[in-house]
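These notes concern the structure reproduced below.
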Amino acid sequence: MTNPATTTQQSGAIPAQPGPREVTGVTDGVLAGGKPGPGQAVTTGGAGAVPGGAAGIAGPGSSVEFVPGYAPDAVIPGAGPSGRPGSRPTVKLREANPDDPPRYAPEWLELREPADAAARAHDLLDPLRIRLANLPGKSGVVIHDLGCGTGSMGRWLAPLLDGAQHWILHDRDPYLLHFAAVSSPRSAADGSRVTVETRRGDVARLSPDALQGASLVTASALLDVLTREEIDTLAAACAGAGCPALLTLSVAGRVELTPSHPLDAEIARAFNDHQRRDDLLGPDAVTAAAEAFSEHGATVRLHPSAWRLGPEQAALTEQWLRGWVGAAVEERPELRAEADVYLTSRLAACAAGELRVTVHHVDLLALSRPVDGAS
């Protein structure tokens with residue numbers, strides 16, 4: 001089913017191939033408007049779909065349905081190391097082989113979405129609303145969502161903002177773009193219309209031209225998989241366009257597990273080192289981004305946005321644990337024997353409802369100076 005509020009962009013300032021030409025191959029479980037309902041799933045088979053991709057991504061409010069062949073003790077791609085030495089399962093930001101599988105599995109994005117929504121900093125929304133309300137001569141806003149994945153940022157933010165919105169969803173993965181398009185909100189907080197288009201491209205090469213006419217740039221869990229140069233490029237692009245940026249859920253490099261364990265700190269250090277591979281900033285990204293946006297004249301606000309995981313989030317905690325420990329061992333193989341015992345113990349506590357985890361993140365709002373004299 002093609003959603004009339006969803007379009008695709010075949011050309012643009014970001015040099016890459018366009019996304020799917022239309023939203024197709026959606027099951028009967030999709031409600032009018034293209035949004036999956038509780039307990040329903042969407043599947044793909046249309047333009048841009050990854051052959052053999054996940055066929056059971058649960059809709060909002062439902063339990064996660066994993067891909068056929070998923071093993072309970074496996075790490076969903078995106079939650080931890082890919083299993084290939086020297087590779088990182090991060091969003092496809094840079095040039096990659098077209099045959100490469102998605103780096104972020106939709107199952108992982110589905111699993112973390114409720115925790116993401118609960119963690120994002122609502123305190124940053126009022127200054128953002130003030131800025132958007134003061135845009136001169138505009139009947140609506142244009143929002144670019146970078147590395148959109150399955151579109152969780154739009155599902156969270158669009159219903160919290162008043163006025164007509166047009167979302168431009170950027171990602172390298174056409175399969176994720178498909179899910180983002182069909183599950184996007186259709187109305188704003190005041191009932192105004194929300195429309196969507198997709199652009200398949202490399203957000204690490206964003207330019208001011210790509211953001212021409214933008215009212216806002218958003219991203220979720222993106223900064224920590226960028227290099228310092230890429231963050232500076234993003235800050236410069238936002239400054240050049242005079243648009244604010246709301247960049248959420250960047251890892252802060254701190255976790256707290258209750259009850260504690262003597263190996264917690266060592267695993268955390270190894271994981272943070274793993275995050276900094278290949279010149280990526282990992283837990284240093286928020287500081288670097290705050291500096292970069294400030295240097296380009298923006299007013300920057302930071303706010304904590306921690307995941308707080310308890311027995312109700314056991315499935316997410318399990319996957320996070322496997323990925324967290326797995327990345328630490330990939331960084332420091334000498335930890336493997338101790339880490340295997342540690343992981344077994346932690347998973348048992350998780351399954352028994354006895355483990356609580358706080359994963360610290362930081363949200364950043366950068367209010368770039370308007371280029372048209374708006375306040």
Side-chain angles (χ1 to χ4, degrees), residues 1 3 6 8 19-20 23-27 29-31 34-72 74-83 88-93 96 98-117 145-156 167 169-185 196 198-200 203 219-222 225 249 307 313 315-316 318-320 322-323:
M1 168 170 38
N3 192 313
T6 304
T8 53
V23 179
T24 60
V26 180
T27 68
V30 177
L31 304 176
K35 186 174 180 179
Q40 297 168 332
V42 295
T43 60
T44 60
V50 176
I57 310 307
S62 64
S63 61
V64 177
E65 303 172 30
F66 295 109
V67 295
Y70 167 76
V75 178
I76 300 174
S82 64
R88 292 195 61 219
T90 56
V91 64
K92 285 188 174 181
L93 299 173
D99 295 328
D100 284 353
R103 298 288 184 95
Y104 273 158
E107 297 91 344
W108 169 244
L109 300 178
E110 161 73 18
L111 195 58
R112 65 175 289 168
E113 183 167 346
D116 287 349
D145 188 7
L146 309 182
C148 68
T150 58
S152 67
M153 186 67 173
R155 287 190 291 275
W156 175 78
W167 283 72
L169 309 178
H170 299 261
D171 207 286
R172 288 192 59 88
D173 189 334
Y175 189 29
L176 297 183
L177 284 172
H178 170 88
F179 280 103
V182 300
S183 63
S184 63
V196 173
T198 63
R199 292 186 186 176
R200 185 182 177 193
V203 302
S220 189
L222 176 67
V225 294
L249 296 168
W307 278 355
Q313 296 81 29
L316 174 60
E318 177 195 341
Q319 278 297 316
W320 174 83
R322 293 184 186 280

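- Distance check, rounded to the nearest 0.5 Å: CG of L222 to CE of M153 gives 11.0 Å.
- Atom OG of S152 and atom CD of E113 lie 4.5 Å apart (nearest 0.5 Å).
- Nearest heavy-atom pair across P106 and Y175 is CG-CE2, 4.1 Å.
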- Item | Residues W320, V75; criterion side chain to side chain contact (heavy atoms under 4.5 Å, CB included); working and verdict | CA-CA 9 Å; W320 174 83; V75 178; over 6 Å; no

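- Summarising the geometry of T198 relative to A181, their closest heavy-atom pair is CG2-CB, 4.1 Å, with the distance given to 0.1 Å.
- Minimum interatomic distance between G147 and D171 (heavy atoms only, all atoms of both residues): C-OD2, 3.3 Å.
- Smallest separation of non-hydrogen atoms from A180 and G149: CB-O, 3.6 Å.
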- Could you please spell out the steps behind the side chain to side chain contact (heavy atoms under 4.5 Å, CB included) verdict for L111 and Q319? CA-CA 9 Å; L111 195 58; Q319 278 297 316; 3.7 Å; yes

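- The CG atom of L169 sits 14.5 Å away from the CZ atom of F179 when rounded to the nearest 0.5 Å.
- Pairing each heavy atom of D145 with each of A219, the nearest pair is OD1-CA, 4.0 Å.
- Under the side chain to side chain contact (heavy atoms under 4.5 Å, CB included) rule, T150 has a single partner from E107, E110, R155, which is R155.
- Residues R200 and L177 are in side-chain contact: their nearest non-hydrogen atoms beyond the backbone lie under 4.5 Å apart.
- Residues C148 and L176 fail the side-chain proximity criterion, which asks for heavy atoms closer than 4.5 Å.
- Here the side chains of Q313 and W307 are not in contact, with every heavy-atom distance at 4.5 Å or above.
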